[in-house]
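The block underneath contains the structure these notes are about, expressed in structure tokens.
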Amino acid sequence: MSILEPSALAHVPFVSVENMMRLVNDVGVEAFIGELAEYIENDFKRWPEFDKIARVASHSRDGVIELMPVADADYYGFKYVNGHPNNVRDGYQTVTAFGVFSSVATGYPLLLTEMTMLTALRTAATSALVGRYLAPAGADTMALIGNGAQCEFQALAFRTICGIETVRLYDIDPAATAKAAENLKAVGFNVTACETAEAAVEGAQIITTCTADKQYATILTDNMVGAGIHINAIGGDCPGKTELQRDILLRSDIFVEFPPQTRVEGEIQQLDEDHSVTELWQVMRGEVGGRTSDAQITLFDSVGFAIEDFSALRFLLEKTADTDYCVKLDLLADPDDPRDLFGMLRRAAPEAA
Ligand code: NAD
């Protein structure tokens, strides 16, 4: 990182929701996801270089608020994110987020950004990247169960990275399915809206579950998952919040991001603590196998890990540096003499003018 003048560092670039949407539309959603997936893959491949902890979660009756920090030798990133499944009922989103990316050398933030849109993009990019390692060869059809905010991003990522052209949709709320069907037909997918989850999985080689409910839900039962399927389970991401019947887990080879976090938050919270799982970074580095047979059921037990956000922040910093996608925020005090913080305040008082 180049060390900038302190006064330059004090004005922190900020990417608003409006500018994020402009950037993503200018780049193209699928191109953006494709490039972002490369950043995520590169960071997964250098996994041991990161200082990692499970995210810090503050649970309440209706949801969770989480901080997701991670650092390498040069950069520190964190995301603030919530998960409140009942929000939609009141016209609010289930998941909102913002994030910060900082210089390890100075501790100064280099970027502050909205991350609600960026989380949907990075979650989809991660899912499809993992799908490229685990989904059966030639997969062209995906079931999408849960047709809320994440749904279309998942479909686009799986088209870009895995070649999915047909999606089979199901949501307990038909309005959500109608919304997703319209959005996905508009961008060229073959779409079938289904009336049950059982109907949605018919003929699909990949099943994505992205529902939101703060309970041990059963979105997929064991009989719905045939040999050779890849399951991309993203909605079970909190203690007491899962989507898959336990029997499915016992038949699957399970792939995870960061085991200390997934054991608490993922589908595998339903299993014994020593149940064998495979870490994705090792698959990406070629150290262990991913899909090894046609009949194997593979499960990405996704909870979302801080390195994915770090990659997204790193990508965004490079994409937006010195562009008008950022505005400069007067976020940090920068006294001429770094030790004279009080003097700066005193000189700013009205009577000093
Ligand atoms: P959302 O509230 O916008 O959409 C969720 C949808 O699930 C709603 O349309 C709802 O009607 C539907 N649903 C609820 N119960 C269902 C059931 N039994 N069967 C079918 N559909 C059902 O939420 P979102 O932003 O799309 O997020 C979806 C899930 O993904 C959430 O649980 C969220 O916490 C999780 N998530 C995970 C990651 C990750 O990295 N793993 C990232 C972002 C979000």
Side-chain angles (χ1 to χ4, degrees), residues 1-27 31-53 55-56 65-82 95-123 125-126 258 304-339 341 344:
M1 188 202 70
S2 62
I3 296 293
L4 300 169
E5 289 299 312
S7 59
L9 285 177
H11 287 88
V12 179
F14 167 63
V15 182
S16 64
V17 175
E18 193 180 337
N19 279 331
M20 180 67 77
M21 292 195 294
R22 190 162 60 88
L23 170 66
V24 175
N25 281 325
D26 287 352
V27 173
F32 191 99
I33 288 172
E35 284 185 59
L36 175 52
E38 285 178 28
Y39 275 67
I40 295 169
E41 186 173 30
N42 287 339
D43 285 337
F44 268 59
K45 284 182 174 171
R46 58 188 193 91
W47 194 263
E49 293 174 27
F50 286 94
D51 183 7
K52 303 173 281 293
I53 55 165
R55 64 184 155 203
V56 182
I65 297 174
E66 297 163 330
L67 290 178
M68 302 174 66
V70 73
D72 68 7
D74 297 319
Y75 296 112
Y76 172 96
F78 82 84
K79 180 169 81 175
Y80 167 104
V81 62
N82 76 306
V95 176
T96 62
F98 67 89
V100 173
F101 202 53
S102 301
S103 156
V104 165
T106 60
Y108 273 47
L110 303 171
L111 184 71
L112 171 66
T113 178
E114 88 79 39
M115 286 193 82
T116 306
M117 195 68 69
L118 197 56
T119 291
L121 291 158
R122 77 78 156 129
T123 302
T126 305
F258 185 55
F305 185 57
I307 288 179
E308 294 145 35
D309 299 308
F310 181 100
S311 309
L313 289 165
R314 188 166 70 79
F315 175 59
L316 191 67
L317 182 70
E318 290 179 17
K319 271 269 181 254
T320 59
D322 301 322
T323 70
D324 69 356
Y325 295 117
C326 300
V327 295
K328 294 283 176 74
L329 289 188
D330 182 19
L331 189 67
L332 305 175
D334 61 334
D336 294 338
D337 172 353
R339 288 168 299 186
L341 185 63
M344 187 174 90

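In this text, all values refer to a predicted model and were calculated from it rather than measured experimentally.
- Side chain of E41 to main chain of K45: no donor-acceptor pair is present (N/O by atom type, distance under 3.5 Å, no hydrogens or angles).
- Annotation: side chain of V81 is in contact with side chain of V95 (closest heavy-atom distance under 4.5 Å).
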Could you check T113 against F14 for side chain to side chain contact (heavy atoms under 4.5 Å, CB included), going step by step and ending with a plain yes or no? CA-CA 5 Å; T113 178; F14 167 63; 5.7 Å; no

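- The distance from the CD atom of E114 to the CE atom of M21 is 8.5 Å, given to the nearest 0.5 Å.
- At least one side-chain heavy atom of T320 sits under 4.5 Å from a side-chain heavy atom of L111.
- In this structure V27 satisfies the side chain to side chain contact (heavy atoms under 4.5 Å, CB included) test together with L23, A31, F32, E35, K319, sequence neighbours excluded.
- Contact of the H11 side chain with the D330 side chain is registered, since non-hydrogen atoms from C-beta on lie closer than 4.5 Å.
- Heavy atoms from other residues, nucleotides or ligands lying under 6.0 Å from CG of D337 number more than 12.
- Taking N42 as the reference, R314 meet the side chain to side chain contact (heavy atoms under 4.5 Å, CB included) condition, with sequence neighbours excluded.
- Side-chain contact between F305 and M68 is absent, with no heavy-atom pair separated by less than 4.5 Å.
- Between the side chain of T116 and the main chain of A97, a donor-acceptor pair closer than 3.5 Å is present.
- For D336, the CG atom sits in a loose shell: 12 or fewer heavy atoms of surrounding residues, nucleotides or ligands are nearer than 6.0 Å.
- Contact of the Y75 side chain with the S103 side chain is not registered, since no non-hydrogen atoms from C-beta on lie closer than 4.5 Å.
- In this structure, G304 and R55 approach most closely via the heavy-atom pair O-NH1, 3.4 Å.
- The closest side-chain donor-acceptor pair between Y325 and D26 falls under 3.5 angstrom.
- Ring-plane geometry between W47 and F258 is classed as tilted, the angle between the planes lying from 30 to 60 degrees on a 0 to 90 degree scale.
- The closest side-chain heavy-atom distance from L110 to V12 is not below 4.5 Å.
- Not one N or O on the side chain of E318 forms a donor-acceptor pair closer than 3.5 Å with the backbone of F315.
- Among residues two or more places apart in sequence or in another chain, the side chain to side chain donor-acceptor pair (under 3.5 Å) test is passed with E49 by R46.
- In terms of heavy-atom proximity, A312 sits nearest to L36 at CA-CD1, 3.6 Å.
- Rounding to the nearest 0.5 Å places CD of E308 at 3.5 Å from OG1 of T126.
- Smallest separation of non-hydrogen atoms from F78 and Y80: CD1-N, 4.1 Å.
- Side chains of P109 and L332 form a contact here, defined as non-hydrogen atoms less than 4.5 Å apart.
- Between T119 and K79, the closest heavy-atom pair is OG1-NZ, 2.9 Å.
- When side chains are defined from C-beta on, M115 does not count as touching T96, because their heavy atoms never get closer than 4.5 Å.
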Give the intermediate values and the outcome of side chain to side chain contact (heavy atoms under 4.5 Å, CB included) for residues V70 and D51. CA-CA 6 Å; V70 73; D51 183 7; 5.8 Å; no

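- Atom CG of residue N25 and atom CE of residue M20 lie 12.0 Å apart, to the nearest 0.5 angstrom.
- Taking all atoms of both residues into account, the shortest heavy-atom contact from S311 to D43 is OG-OD2, 2.7 Å.
- Here the closest heavy-atom approach between residue F310 and residue A71 is recorded as CE1-CA, 4.4 Å.
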